[in-house]
Trainee: 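Take this structure, written in structure tokens, and hold onto it; I'll ask about it next.
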Number of protein chains: 2
Amino acid sequence: MAVISNGSVTAAAADLGISQPAASRLLSDLTKGLNFQLFDKRDGRLVPTQETRILQPDIERVLELMGQISDISKDITNRQVGHIRMACLPGFATSHLPRVVADFLKERPGVRMTIEPDRPERILEWMIGEQYDFGITDDFVGHPAVESSDLDIRTVCVFPSGDPLESLDSITPRDLSERRFIQPHRDSAFHRRLSRVFSDAQVSWQTHIEVRQFTAACELVCHGAGVAIVSEFDARKYETLGLSYRKFAPALPHTLSLVRPILKKPSLVTLEFMEHFRESLSPYLLNT
Amino acid sequence: MAVISNGSVTAAAADLGISQPAASRLLSDLTKGLNFQLFDKRDGRLVPTQETRILQPDIERVLELMGQISDISKDITNRQVGHIRMACLPGFATSHLPRVVADFLKERPGVRMTIEPDRPERILEWMIGEQYDFGITDDFVGHPAVESSDLDIRTVCVFPSGDPLESLDSITPRDLSERRFIQPHRDSAFHRRLSRVFSDAQVSWQTHIEVRQFTAACELVCHGAGVAIVSEFDARKYETLGLSYRKFAPALPHTLSLVRPILKKPSLVTLEFMEHFRESLSPYLLNT
DNA sequence: CCAAACTATAACATCATGTTATGCGAATAA
DNA sequence: TTATTCGCATAACATGATGTTATAGTTTGG
């Protein structure tokens, strides 16, 4: 093809970055293997035979495809292609994740992503079954087939704007003793931790409403149903919607777990996205 | 691809007909060049990574196309593909050639053929201009850019069936002295040769009708317009249509020329077809 | 006829790719 | 647990493909 497009062996050799004799012999070797002439000599130059012209379009296609393959593999090393299948808690799918994902995909036109929100137990199953590349869950207790890394998210106390609590710098269980309290779900680890904190402070909390999600809690607080302890980034989202928040003391983490199947090797993009996601949460991490 | 489809390096090596270490190192060399893993080890076996799966369809396509190329080049050496552009006298295009071509193409599904019938001068132009691969013409006088080989076709005397001439074994000019004679065109070499024969025999021939083509002459003879000297294979075609023919003495050749551009290298199929065509005429050749 | 351009060949260097021999780790059976 | 088997990786080496430089033969154009 180089000889055809460059018009001579000498030019082809230059184009290919090899010496003229090298090109010359490559050509003669190829001809030997084919049992028919590839070029005719004509006025000292080489012109493709009819046979060669028959093969030409197919060969061009192969070269083009090989170029494509080379491009794709470059994209792979640049983490520009791939498919990430992730599972997450329903809260994430609607609040924090979309921005992170959009941000990540903006620079990576070839990367596809599947996001499946569900309950933690289901997420765990998916990890064990290797149906997903990674997941975001909480209350993760460990499993031999799952690799996990925890993130301690800062939590704050949220209350309606204008509430007297606003005058405080940080809020303690004692400050909430008379308040209607919107609690996390009783099965959750966060519930247990919170109740421990209250009992340590010898403050009894009124069982009032139990919700699974921080966003639901925020909504309820918005509507004056009481106060709640939620993750800081949920709280921040509701700041413009009539909520205020203050630091809660003692600092109480809400522990998220980034999980992935331990045996399944993560793709390069997946690793990169996990790192990207972790960083997106760094402003909200509890610095122990 | 061999590793993927065979499930293991060992099996792939066997499939490729190389040793296992060779396959093993081919794989590691390829990986080195790509900067990302192609396979993961899993229970001692190799499973393709997500990255590899992305490349897989393109690679399959390349391999398939390369197989095609190999097939085509095999077809080329077997003279199974190609394009023959030929020019011929109008008489051939309708009478002898179709069968020869059909016969030739029957065994060669990939070969295409273009047949262009025209006058000899035009055919000559096409040869010089290298627009056709070869041509069949007559009255060819030679040209530096054209290579030619002559074929002397046997000619016979045709007359309507039942004519007294049928009793003769061979016909001489003298036998035709009183006959209306359908002559070849006065510009043709055959005309000159024929008139020479008649004058040598001191037989004057009546100028009656002049035609360019043997088939036209045969048609005229059919309709009782006279007798004619035509090529044997034209005569034979009219045997069932009311004509008889006998040897003409002295044996007079009708000289056809197979011509082709001298500089343009003929394709393998073209050479083969020319040979095929020559053979198709061998039963009609004048054995000097 | 000479100079320039192009191709082919020779002689040699180097690297990719093949070989055999062997070791290592994981799965399997005793 | 231990021995065995299986699959892969590595070492050491052979060889052919592919590169190099040097050089000679052809053809073209002035």
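The structure presented is a predicted model; accordingly, all values stated were derived computationally and were not measured. In what follows, every chain begins at residue 1, and chains take the letters A, B, ... in the order their sequences are listed.
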Trainee: Starting at atom CG of B:Leu38, determine the distance to atom P of D:dA9, rounded to an integer number of angstrom.
Mentor: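 Going from CG in B:Leu38 over to P in D:dA9 covers 12 Å.
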Trainee: Without decimals, in angstroms, what is the distance between A:Leu16 CG and D:dT18 C1'?
Mentor: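 Going from A:Leu16 (CG) to D:dT18 (C1'), I get 13 Å.
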Trainee: Can B:Arg61 and B:Asp58 be counted as an ion pair, charged N to O under 4.0 angstrom?
Mentor: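 Salt bridge between B:Arg61 and B:Asp58, a charged N being under 4.0 Å from a carboxylate O: no.
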Trainee: Could you tell me how far apart B:Asp40 (CG) and D:dC8 (C1') are, to the nearest whole angstrom?
Mentor: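 Rounding to the nearest Å, CG of B:Asp40 and C1' of D:dC8 are 15 Å apart.
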Trainee: Quick one: do B:Arg85 and B:Thr270 satisfy side-chain hydrogen bond (donor to acceptor under 3.5 Å, both in side chains)? Show the steps, please.
Mentor: CA-CA 8 Å; B:Arg85 276 153 304 214; B:Thr270 302; over 6 Å; no
Trainee: Of all residues at least two apart in sequence or in a different chain, which pass the side-chain hydrogen bond (donor to acceptor under 3.5 Å, both in side chains) check with A:Arg260?
Mentor: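 Applying side-chain hydrogen bond (donor to acceptor under 3.5 Å, both in side chains) to A:Arg260 gives A:Glu147.
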Trainee: Counting the atoms with a prime plus P, OP1 and OP2 as sugar-phosphate, which does B:Ser8 contact under 4.0 Å by heavy atoms, base, sugar-phosphate, or nothing?
Mentor: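 B:Ser8: backbone/sugar contact only, no base atoms under 4.0 Å.
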Trainee: When the distance from NZ of B:Lys32 to P of D:dA9 is rounded to whole Å, what number comes out?
Mentor: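 Rounded to the whole Å, the gap is 12 Å.
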Trainee: Working to the nearest 0.5 Å, report the span between CG of A:Leu65 and CD1 of B:Ile59.
Mentor: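 So the gap between those two atoms works out to 10.5 Å.
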Trainee: What ring pair (Phe, Tyr, Trp, His ring centres under 6.0 Å) pairs are there with at least one residue in residues 98-131 of chain A, not counting sequence neighbours?
Mentor: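 Residue pairs with at least one partner in residues 98-131 of chain A: A:Phe104-A:Phe273, A:Phe104-A:His276, A:Trp126-A:Tyr132.
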Trainee: Nucleotide by nucleotide, 5' to 3', does protein get under 4.0 Å of the base (B), only the sugar-phosphate (S), or neither (-) in nucleotides 8-21 of chain C, counting heavy atoms?
Mentor: BB-B-----BBBBB
Trainee: Can we say B:Asp133 and B:Lys264 salt-bridge, meaning some charged N sits less than 4.0 Å from an Asp/Glu carboxylate O?
Mentor: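 Between B:Lys264 and B:Asp133 there is a salt bridge, with a charged N closer than 4.0 Å to a carboxylate O.
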